[in-house]
Amino acid sequence: MTQQPILVLTTGGTIDKQYFDASSQYTIVGTMVTRLFELGRVLHPFEIDEVMRKDSLEMDDADRAAIAARVAASDAERIVITHGTDTMTETAKALAGIPGKTIVLVGALAPARFAESDATFNLGMAFATVQVAQPGVYITMNGTVFEAGKVVKDREAGRFVEI
C-alpha cells in the first residue's frame, strides 16, 4: 500500500529563525523541517514546499490568500503549514472552507535551532494529527490539538488556549 505524501508548506516564523550576533536580531533562514524529520526518523513520505519566509507579523491578507491558493491547488489531501504564532489563527481563518483537506498549522515559541525549543515536539504533533484528523483546519501547539476558530494565542502566558 502506497501512502500519499504529506505536503509541508513553510511560511517562516520563529520555527525557522536564526540569531545573528552581528545584528542582534533574528532572521528567518532556510527551513529546519527536513532536519527535524531526519532527527525524528520520520518514515511517512512528505514533500516540503517553501511558500515564503516571513515573520507572521509581517503577513498581510495577500500572503494569506497566497497560502490558501497553494493549499487549494494542491493534490495533497493532508497538509502541514509551519507558521509564525502571532497571526497563525488569522491564516487558519483564511483556510477555512477549503473542502476535502486536512490542514494543520504549527509553529514554535523558540527557534528550532535552540536546544530548548518546542519546535520538534510541535512539528511531530502536527505531523501525527494531519494523518488521523478529519478534513478541516487545526492548530497544534503546547501539546494540544485545537480546531481553528476555537483558539487564541495568550501572549502574556506564552501559549495557545481554547476559546
Side-chain angles (χ1 to χ4, degrees), residues 3-17 26 28 31-49 51-52 54-59 63-64 67-68 70-72 74 76-163:
Q3 296 175 318
Q4 182 185 31
I6 292 170
L7 177 61
V8 181
L9 300 177
T10 65
T11 66
T14 298
I15 198 167
D16 284 328
K17 284 185 177 177
Y26 291 103
I28 298 170
T31 187
M32 287 290 295
V33 172
T34 302
R35 181 66 182 139
L36 295 176
F37 283 164
E38 288 171 359
L39 292 171
R41 295 172 176 82
V42 172
L43 298 176
H44 193 291
F46 62 89
E47 296 173 3
I48 299 173
D49 185 13
V51 178
M52 62 189 69
K54 284 192 170 185
D55 185 293
S56 71
L57 289 173
E58 297 172 356
M59 285 187 180
D63 294 320
R64 283 182 254 292
I67 294 167
R70 177 66 181 90
V71 168
S74 174
E77 295 174 5
R78 301 187 181 279
I79 300 169
V80 171
I81 301 172
T82 64
H83 196 288
T85 60
D86 286 310
T87 64
M88 185 184 294
T89 57
E90 292 175 40
T91 300
K93 288 177 193 172
L95 297 167
I98 298 176
K101 307 221 184 240
T102 304
I103 305 161
V104 181
L105 289 94
V106 64
L109 298 175
R113 289 168 173 81
F114 285 16
E116 294 186 16
S117 175
D118 55 337
T120 302
F121 184 82
N122 292 344
L123 182 60
M125 197 138 165
F127 201 74
T129 299
V130 80
Q131 292 179 61
V132 298
Q134 295 297 313
V137 183
Y138 305 88
I139 291 175
T140 56
M141 290 291 297
N142 311 116
T144 304
V145 178
F146 300 98
E147 287 183 54
K150 296 182 180 180
V151 60
V152 295
K153 181 179 179 182
D154 181 338
R155 285 175 177 80
E156 192 173 302
R159 65 178 186 230
F160 280 72
V161 293
E162 192 169 23
I163 53 174

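Note that this is a predicted model, so its numbers are computed, not measured.
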Answer yes or no: are there more than 12 heavy-atom neighbours, outside Gln131 itself, under 6.0 Å from its atom CD?
yes
Could you check whether any side-chain heavy atom of Val104 comes within less than 4.5 Å of a side-chain heavy atom of Val145, counting everything from C-beta outward?
no
Output for pair (Arg78 CZ, Ile6 CD1), nearest 0.5 Å, gives 7.5 Å
If only atom types and distance count, is the side chain of Lys101 paired as donor or acceptor with the main-chain N or O of Ser74 below 3.5 Å?
yes
With a 4.5 Å heavy-atom cut-off, do Glu162 and Thr144 have their side chains touching?
no
Rounding to 0.5 Å, atoms CD1 (Ile81) and OG1 (Thr91) come to a distance of 8.0 Å
From NZ (Lys153) to CE (Met88), nearest 0.5 Å:
8.0 Å
Minimum heavy-atom distance between Ala94 and Ala68, given as atom pair plus value:
O-CB, 3.9 Å
Search all heavy atoms of Pro45 against all heavy atoms of Phe127 and return the closest pair with its distance.
O-CZ, 4.4 Å
With a 3.5 Å distance limit and no angle check, can you tell me whether Thr87 reaches the backbone of Ser56 through a side-chain donor-acceptor pair?
yes
Within-4.5 Å side-chain heavy-atom neighbours: Met141 and Arg159
no
Could you check whether Glu90 pairs with Lys93 (Lys NZ or Arg NE/NH1/NH2 to Asp/Glu carboxylate O, under 4.0 Å)?
no
As an exercise, state the distance from CD1 of Ile139 to CG of Leu105, rounded to the nearest 0.5 Å.
5.5 Å
Would you indicate whether the side-chain heavy atoms of Val130 and His44 approach each other to under 4.5 Å?
no
Working to the nearest 0.5 angstrom, can you tell me the gap between Phe160 CZ and Thr89 OG1?
7.0 Å
For a 4.5 angstrom cut-off between non-hydrogen side-chain atoms, does Val8 reach Phe37?
yes
Check whether any side-chain N or O of Thr11 sits under 3.5 Å from a backbone N or O of Thr82 as a donor-acceptor pair, and report yes or no.
yes
Between Arg155 and Asp86 (side chain of the first, backbone of the second, donor and acceptor by atom type, cut-off under 3.5 Å), is there such a pair?
yes
Heavy-atom closest contact (Asn122 atom, Ala108 atom, distance):
ND2-CA, 4.1 Å
To the closest 0.5 Å, what do you measure between CD1 (Ile79) and OG1 (Thr102)?
9.0 Å
